[in-house]
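Comments concern the structure below.
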Number of protein chains: 2
Amino acid sequence: MANIDDVARLAGVSKGTVSNVFTQKRGVRKEVAERVLKAAQALNFKPNYWARTLSMKQTSIIGLRMPGENTKFSKFHLSLINGVLQTCFEHGYRLLVNTLATDYQEMPKYMTTNPVDGEIFLDPEHNDARLMQRTELDPPAVVVGRPPEALRHRLCYVDNDNETTAEQVTSYLLELGHRDILFLNTSQQRTVSVDRKRGYEKALIQAGIALKPKLHIFKNPSTPSLDYGFRSIRELVTKGVSFSAVVTDTDKVALGVYRAAAELGLSIPNDISVFAFSDDSVFSPEFHPPLSGVSLNAEELGREAANLLIRRIQDNSAPIVHQTILSNLVVRQSCRNLNSTIIHL
Amino acid sequence: MANIDDVARLAGVSKGTVSNVFTQKRGVRKEVAERVLKAAQALNFKPNYWARTLSMKQTSIIGLRMPGENTKFSKFHLSLINGVLQTCFEHGYRLLVNTLATDYQEMPKYMTTNPVDGEIFLDPEHNDARLMQRTELDPPAVVVGRPPEALRHRLCYVDNDNETTAEQVTSYLLELGHRDILFLNTSQQRTVSVDRKRGYEKALIQAGIALKPKLHIFKNPSTPSLDYGFRSIRELVTKGVSFSAVVTDTDKVALGVYRAAAELGLSIPNDISVFAFSDDSVFSPEFHPPLSGVSLNAEELGREAANLLIRRIQDNSAPIVHQTILSNLVVRQSCRNLNSTIIHL
DNA sequence: CTGAAAGCGCTTACAG
DNA sequence: CTGAAAGCGCTTACAG
């Protein structure tokens, strides 16, 4: 592969001049620039990305970091990533998905600086190792979701108002006359589980309803979403725990609930009402009955997270920002109004 | 940020030795290695990724390239990416999603080498600029899908046997007694559209059925999938074109068909049977009626593409491989058997 | 096993 | 506007 010296020689200029033609940071006489470009083309030359990076100390790459290792992206992540990519596209950044095993990172061989200008952290947890280990020297970061309390004021983040949303969903079900509302929450280590828990309990307490521990379940991180919904319902029903409505973490969990109901011969919404957080599937309307849910606007979360990050990369004096993205309830037909004899629309 | 010299000084060794401790390519006396590691830790030192890359000439990053610009990932891509990431994880690679606008790449400022060891190309098209422009000097590539004919023998690729699958799907519908089978194919510029077209026509011809051009439609790339399904059906029905079955590009297109049918007061499967390629949603079974489709095993496509690529990166004499991933028909309840009066299961 | 030096391929003051 | 030289922070023969 031709390098900058070859081009300089062929064009009859110094390599500084070749560099200037490409970086466009310093003007070069038009005629000279053309000669250089022509020489570059003839030699199939492009500036070496890593050499440039080494001297410029910036990569125009932003990183995306999942919790744990080898986690799979969900559909929520998909929308989020599409949002991130859109912003990347607009600003000329690339996106690097970090998949390195954490024990790799302990090995000297793989212990290196992170080849990005900044990073987006997904699905923060309470004692999030990724976040806790960060030092002042690390590149800028933006979290999607609420960071651990201890780091909250030090980090940029973009989040929905999950507490309020959970409260709204619960209130909605209360208004429909439900009293025993099962909450299939996400796994307890995720910070969002606390926010939703708070909203859920707040609504119940406000309505003067006692909290029943049996009706609030946290996901086991290793259980697939579908099974989580399916098994929880089957188990509770078998045990004779009664509930008339269930709020699920995602529409995939809700799907598990639908399947369990079908197997148990229970009707949705007549026997069980269902409401899902994270209504990120275009298919929810095709559920039978169409599934009510809250739309988190994942794409916007991603877009804004990337925007915040790029702003901080380009201006390290940019302020720490906490941005809230609107989420909205989408009421379809999976919840029954117990106050009337007809099914709630 | 501390560099290798600082560490060498603190540990009282040369920087070559520090390097050896980290790269582990040459043995270092245990006692010395520990001293170096301790010094590194004290200074919060990690080898600089870019500097290492520049001298080693490998990044341990593989690229993912979409066609066109700023395209969004679909659910098919999501599964595929999850497969790629799994392989990356196993081999210690990172994944870089290239989102740069192509006109950026024409600007000297953004014209650089690609910072990856190899690339995976998605959704190949007939005169795919990404592929056509490649030179011998570019890093190894693997295509997911069939490359343009001219490049076929020169490139590794992983693909389903789309022709056979399309033939099977069509035959299945023919066996059910359908004669007017509408095919909502993907956009014409994608190579896969040709394979499916071939399979579809082959089955029809074999059954002695004349091809009706009106019953074979190609997607307009800029039309959203849902609209494509919805509008095509509405338009054809309005125009009085008759068909009893429709094969769609994806389950999202099928969803559009479902909606159009609902609006037109047509029943699925009684009035229209539906069969979808790319059954990559966990939600298809929840359609009403459950949607029959072909599962492309996107995750495996991704896993194998990454495997092939990494093999070629690590051994540039590795052979050019064309790998076929099995796809399988999943028959649910969206197709009617015209030969009997009951609905086909 | 260890050190000193050259080299990877750029960019960037500095001097003209 | 242009050139010569230093520097970015590593790795890798080479010599011991």
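Order of the sequence lines sets the chain letters (A, B, ...), proteins ahead of strands, with each chain counted from 1.
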Tell me which of B:N20 and B:S55 sits closer to the 5' end of DNA chain C, going by the nucleotide each one is nearest to.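 On the 5' side of the pair lies B:N20.
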Which comes earlier along DNA chain C counting from the 5' end, the contact point of B:G16 or that of A:K15, where each point is its nearest nucleotide?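 Here B:G16 is the residue nearer the 5' end.
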Positive for side-chain contact (heavy atoms from CB on, under 4.5 Å) with B:V32, one of B:N20, B:T17, B:V18: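 It is B:T17; the other options fail the test.
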Starting the side chain at C-beta, find the nucleotide from [options] nearest to [X].
X: B:V32; options: C:dT12, C:dT2, C:dT11; answer: C:dT2
X: A:A51; options: D:dG3, D:dT11, C:dC10; answer: C:dC10
X: B:M56; options: C:dG9, C:dT2, D:dT12; answer: D:dT12
X: B:R26; options: C:dT2, D:dC10, C:dG9; answer: C:dT2

Any side-chain N or O of [X] less than 4.0 Å from the OP1 or OP2 oxygen of [N]?
X: B:S14; N: C:dG3; answer: yes
X: A:R52; N: C:dT11; answer: yes
X: A:S19; N: C:dT11; answer: yes
X: A:R29; N: D:dT2; answer: yes
X: B:K25; N: D:dT12; answer: yes

Between A:T59 and A:D117, a side-chain donor and acceptor under 3.5 Å: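 Yes, side-chain donor-acceptor contact under 3.5 Å.
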Please classify the nucleic acid contact of [X] as base, sugar-phosphate, or nothing, using heavy-atom distances under 4.0 Å.
X: A:K46; result: sugar-phosphate
X: A:T53; result: nothing
X: A:T17; result: sugar-phosphate
X: A:K57; result: sugar-phosphate

Expressed as a whole number of angstroms, how long is the span from [X]:[atom1] to [N]:[atom2]?
X: A:I4; N: C:dG9; atom1: CD1; atom2: P; answer: 11 Å
X: A:W50; N: C:dT11; atom1: CH2; atom2: P; answer: 15 Å
X: B:D5; N: D:dG9; atom1: CG; atom2: C1'; answer: 8 Å
X: B:Q24; N: D:dT11; atom1: CD; atom2: P; answer: 12 Å
X: A:Q58; N: D:dC8; atom1: CD; atom2: P; answer: 17 Å
X: B:F22; N: D:dT12; atom1: CZ; atom2: C1'; answer: 17 Å
X: B:K30; N: C:dC1; atom1: NZ; atom2: C1'; answer: 16 Å

If we call it a pair only when both distances are under 3.5 Å in a Watson-Crick or G-U wobble match, what pairs with C:dA13?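 Matched C:dA13 with nothing under the 3.5 Å cut-off.
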In the structure shown, which nucleotide is the Watson-Crick or G-U wobble counterpart of C:dA4, with both distances under 3.5 Å?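 Its partner: none found.
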Interatomic distance, [X] atom [atom1] to [Y] atom [atom2] [nearest 0.5 angstrom]:
X: A:I81; Y: B:H77; atom1: CD1; atom2: NE2; result: 13.0 Å
X: A:L155; Y: A:H322; atom1: CG; atom2: NE2; result: 7.0 Å
X: A:R9; Y: A:I4; atom1: CZ; atom2: CD1; result: 12.0 Å
X: B:K75; Y: A:S79; atom1: NZ; atom2: OG; result: 8.5 Å

